[in-house]
Chemist: 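The structure's right below; bear with me while I get my questions together.
All ligand and atom numbering here is 1-based and tracks the order in the structure. Below, each value reflects all heavy atoms present in this structure, side chains not excepted, and no hydrogens, waters or symmetry copies. What you see is a predicted model, and the numbers here were worked out from it, not measured in a lab.
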Amino acid sequence: MSILNTFSLEGKVALITGASYGIGFSIAKSYAEAGATICFNDLKQEFVDKGLEAYKEAGIEAHGYVCDVTNEAQVNEMVAKIEAEVGVIDVLVNNAGIIKRIPMVEMSAEDFRSVIDVDLNAPFIVSKAVIPSMIKKGHGKIINICSMMSELGRETVSAYAAAKGGLKMLTKNIASEYGEFNIQCNGIGPGYIETPQTAPLRVKGNPFNDFIIAKTPAARWGRTDDLAGPAVFLASDASDFVNGHILYVDGGILAYIGKQPS
Ligand code: NAP
Ligand code: GCO
């Protein structure tokens, strides 16, 4: 097989959670371009419908499902539907996620739990739902969308950092427990990416915007399409011996102390 063919996703079924827009949508588009059949979910039918429209505009016939990834019954029902209607899931991207930016001592336990539920419990639930069929099929790829906050903390994101730190270790544990079944589980750790989730940080005049530029050697915010190549690599045969790895796609943030004040 030529080296380029090892990056192909032809014939693969991919489920990207929370992929009506944002990072998930961009990863799904790249998978479709590499040949995969795209399945995605969102919380509400209206968002699923908007997502289906957006995929159609991109020339992609996607399969959309209403599913709250924190609800195990809904997840199991969605996976069963996909297996019946589309096929066994070869590639799972645990992308759905939320963040609440609240100083820790002001954050309610309920808010903390809700972030852990979506960003950590849900990847456990969805991975658990797809692994048995991957074992039967003899291969599988699970990609967890981690974060800079899998490695670093900052003010107001205690729940998110705890979840994303846990997601890094869940990634390593799935890799350890299911590697012998030819299932590879890796993470992608995006830097600061231009999506609705970070829109509040990028408003004009917000000092955080300049802060991130100074912390990023690439001296820019990331774009969702910066994640496409790494995501295709981790979903493809080209990464069959890469397991338990978190691939940081951050423009160099984690390597950099930050631009010296002029
Ligand atoms: P986003 O624009 O806020 O999109 C998040 C998606 O997840 C939305 O489609 C949302 O659906 C869906 N979602 C949330 N809770 C859900 C649930 N319980 N069940 C099903 N779907 C749910 O976020 P993003 O910036 O694209 O981020 C995607 C992932 O990348 C997240 O895990 C995030 O933590 C991670 N990440 C983002 C950045 C960044 O800079 N943007 C950097 C590193 C990591 P609704 O529209 O219905 O709410
Ligand atoms: C924040 C941002 C970050 C990004 C991302 C960085 O408030 O610090 O939302 O957490 O979303 O996770 O990798």
Chemist: Looking at OG1 of T195 and CG of L201, how far apart are the two atoms once the value is rounded to the nearest 0.5 Å?
Modeler: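 These two atoms lie 9.0 Å from each other.
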Chemist: The criterion is ring-ring contact (aromatic ring centres under 6.0 Å, His included); which residues satisfy it with F40, sequence neighbours excluded?
Modeler: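 For F40 the ring-ring contact (aromatic ring centres under 6.0 Å, His included) partners, ignoring immediate neighbours, are Y55.
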Chemist: Among all protein heavy atoms, pick out the one at the shortest distance from atom 11 (O) of ligand 2; state its residue, atom name and that distance to 0.1 Å.
Modeler: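 Nearest neighbour among protein heavy atoms for atom 11 (O) of ligand 2, to 0.1 Å: Q197 OE1, 2.8 Å.
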Chemist: Could you tell me whether I193 approaches ligand 2 through its side chain, its backbone, both or neither, with non-hydrogen atoms closer than 4.0 Å?
Modeler: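 No part of I193 comes within reach of ligand 2.
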Chemist: By number and element, which atoms of ligand 2 are closer than 4.0 Å to a non-hydrogen atom of S147?
Modeler: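 Going through ligand 2 atom by atom, the ones under 4.0 Å from S147 are 5 (C), 6 (C), 12 (O), 13 (O).
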Chemist: For ligand 2, note which part of L201 has a heavy atom under 4.0 Å away: side chain, backbone, both or neither.
Modeler: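 Side chain only.
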Chemist: Salt-bridge test for K141 and D240: reply yes if a basic N is under 4.0 Å from a carboxylate O, no otherwise.
Modeler: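 Looking at K141 and D240, the cut-off is met.
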Chemist: List every atom of ligand 2 that sits less than 4.0 Å from any heavy atom of M149, numbering the atoms from 1 in the order shown and giving each element.
Modeler: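 So the atoms of ligand 2 that pass are 10 (O).
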Chemist: Of all the atoms in ligand 2, which lie at a distance below 4.0 Å from a heavy atom belonging to Y192?
Modeler: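 Taking each heavy atom of Y192 in turn, ligand 2 has 1 (C), 2 (C), 3 (C), 4 (C), 6 (C), 8 (O) under 4.0 Å.
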Chemist: According to ring-ring contact (aromatic ring centres under 6.0 Å, His included), who are the partners of Y248, at least two apart in sequence or on a separate chain?
Modeler: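 None.
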Chemist: Can you list the atoms of ligand 2 that are under 4.0 Å from a heavy atom of M148?
Modeler: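 Taking each heavy atom of M148 in turn, ligand 2 has 6 (C), 13 (O) under 4.0 Å.
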Chemist: What's the shortest distance from atom 6 (C) of ligand 2 to any protein heavy atom, and which residue and atom give it?
Modeler: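 The closest heavy atom on the protein side is G191 O, 3.4 Å.
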Chemist: Hey, is CZ on R113 packed in by over 12 heavy atoms from elsewhere, all under 6.0 Å?
Modeler: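 It does not: R113 CZ has 12 such atoms or fewer within range.
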Chemist: Check each protein residue for a heavy atom under 4.0 Å from ligand 1 and list those that pass, ordered by chain and number.
Modeler: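 Within 4.0 Å of ligand 1, the protein residues are G18, Y21, G22, I23, N41, D42, L43, F47, C67, D68, V69, N95, A96, G97, I98, V118, I145, C146, Y160, K164, P190, G191, Y192, I193, T195, P196, Q197, T198.
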Chemist: For ligand 2, which atoms sit closer than 4.0 Å to a heavy atom of P190?
Modeler: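 Listed by number with element, the hits are 13 (O).
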Chemist: Among all protein heavy atoms, pick the one closest to atom 7 (O) of ligand 2 and tell me residue, atom and distance.
Modeler: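 Looking only at protein heavy atoms, the one closest to atom 7 (O) of ligand 2 is R101 NE, 2.6 Å.
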Chemist: Indicate the ring-plane relationship of F208 and W221, choosing parallel, tilted or perpendicular according to the 30° and 60° boundaries.
Modeler: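 It falls in the tilted class, 30° to 60°.
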Chemist: Heavy-atom contacts with Y160 under 4.0 Å: which atoms of ligand 2 show up? List them by number with element.
Modeler: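 Selected atoms, number and element: 5 (C), 10 (O), 11 (O), 12 (O).
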Chemist: For E61, which residues count as a side chain to side chain donor-acceptor pair (under 3.5 Å) partner, sequence neighbours excluded?
Modeler: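 E61 satisfies side chain to side chain donor-acceptor pair (under 3.5 Å) with K56 once adjacent residues are dropped.
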Chemist: Quick check: are there more than 12 heavy atoms from other residues, nucleotides or ligands sitting under 6.0 Å from CD of E85?
Modeler: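 Buried by this count: over 12 neighbours within 6.0 Å.
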Chemist: Hey, which of I143, I246, T171 is the one that makes side chain to side chain contact (heavy atoms under 4.5 Å, CB included) with I188?
Modeler: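 Between I188 and the candidates, side chain to side chain contact (heavy atoms under 4.5 Å, CB included) is satisfied uniquely by I143.
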Chemist: Rounded to the nearest 0.5 Å, what's the gap from OG on S150 to CE on M169? Could you check?
Modeler: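 S150 OG to M169 CE: 11.0 Å, rounded to 0.5 Å.
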Chemist: Going by the atom numbers of ligand 2, which of them fall below 4.0 Å from some non-hydrogen atom of R154?
Modeler: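 That gives atoms 1 (C), 7 (O), 8 (O) of ligand 2.
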Chemist: I need the atoms of ligand 2 closer than 4.0 Å to a non-hydrogen atom of I99, numbered in the order shown.
Modeler: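 Near I99, the atoms of ligand 2 are 7 (O), 9 (O), 10 (O).
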Chemist: Any side-chain heavy atom of M134 within less than 4.5 Å of one from I142?
Modeler: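 Side-chain contact under 4.5 Å: yes.
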Chemist: Do C39 and Y65 have side chains that approach each other closer than 4.5 Å (heavy atoms only, starting at C-beta)?
Modeler: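 C39 reaches Y65 side chain to side chain.
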